[in-house]
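Given the structure is predicted, the values throughout are model-derived calculations rather than measurements. Chain naming here is simple, since letters A, B, ... match the order of the sequence lines and numbering starts at 1 in each.
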Amino acid sequence: SQTIHQWPATLVQPVGSPLSLECTVEGTSNPNLYWYRQAAGRGLQLLFYSVGIGQISSEVPQNLSASRPQDRQFILSSKKLLLSDSGFYLCAWWDRGQRFYGYTFGSGTRLTVV
Amino acid sequence: AQSVTQLDSQVPVFEEAPVELRCNYSSSVSVYLFWYVQYPNQGLQLLLKYLSGSTLVKGINGFEAEFNKSQTSFHLRKPSVHISDTAEYFCAVSLSDDKIIFGKGTRLHILP
């Protein structure tokens, strides 16, 4: 079966520290992968998406970056966190081998920058 | 450019009463439409989707939505809500299979 894993579930980091959030997908190959951020009262903001290994599209210029080192692995990073990076980060995927039916989301990472 | 407007940020409703969560979209071409639900501290779960065909779409947990092309709306309805329906609901639109644009969400509060 197809599953998506996201970790860690919660994270508290000081301002200026680095960040690495990981997302992996199982049971599919060559998926589209997405990183969204959810800030209080602001809905979901698409940060990055990837259609293949090493292919990253950035939607919003910011303090974050993304990488896709393997087909089913998507990493969100920052070299120096800002207070404004706090939020709920969600990874999502879509199997392009299937008829489009929307995304499947991971369980999210709650990031608090202090 | 496509966009999604959820007209209500919060909707309180009594248990066992009906509810409608409103969603309007803007797009000059055909779109795919979705409703997702998010329970506290969890990811998003797909409730239902409209891709083509019948304009009345039935989803999980007794929810349904109606696609109205002339009014560019995709309102979500449930005839009788339960306390377990307390969550945030997101309407979303996609022109293609590359990206989905989400609304800002509507918090559904079920009152006892």
Query - Under 4.5 Å from any heavy atom of chain A - which part of B:Leu44 - result: both
Query raised in the report: At what distance, to the nearest 0.5 angstrom, does CZ of B:Phe90 lie from CD of A:Gln38?
Result: 4.5 Å
Requested in this report: Flag the pair A:Tyr103 / B:Phe34 as yes when their ring centroid distance falls below 6.0 Å, and as no otherwise.
Outcome: no
Report task. Go through the structure and list residues passing salt bridge (charged side-chain N to carboxylate O under 4.0 Å, His left out) with B:Glu15, not counting sequence neighbours. Result -> none
**Report entry** Same cluster (ILVMFWY, side-chain, under 4.5 Å), A:Val113 and A:Leu21
**Finding:** yes
Query raised in the report: When only pairs under 4.5 Å are counted, which of B:Gln38, B:Glu88, B:Arg107, B:Gln45 shares the most heavy-atom pairs with chain A?
Result: B:Gln38
Query raised in the report: Is chain B contacted by the side chain of A:Leu46, its backbone, both, or neither, given a heavy-atom distance below 4.5 Å?
Result: side chain
Requested in this report: Grab the two heavy atoms, one from B:Asn41 and one from A:Phe88, that are nearest each other, plus how far apart they are.
Outcome: C-CZ, 4.1 Å
**Report entry** Atom CD of B:Glu16 with >12 non-hydrogen neighbours under 6.0 angstrom
**Finding:** no
Query raised in the report: Do A:Tyr36 and B:Ile100 pass the side-chain contact (heavy atoms from CB on, under 4.5 Å) test, and can you show the C-alpha distance, the side-chain angles, and the key distance before you say yes or no?
Result: CA-CA 11 Å; A:Tyr36 282 86; B:Ile100 292 181; 4.1 Å; yes
Query - chain B contact via A:Gln45 - which portion, at a heavy-atom distance below 4.5 Å - result: neither
Report task. Flag yes if B:Ile60 and B:Leu48 sit in one hydrophobic cluster, no otherwise; membership is Ile, Leu, Val, Met, Phe, Trp, Tyr, and two members link when side-chain heavy atoms are under 4.5 Å apart. Result -> yes
Query - Single-linkage hydrophobic cluster, 4.5 Å side-chain cutoff, B:Tyr32 and A:Val51 together - result: yes
Query - Single-linkage hydrophobic cluster, 4.5 Å side-chain cutoff, B:Tyr39 and B:Leu21 together - result: yes
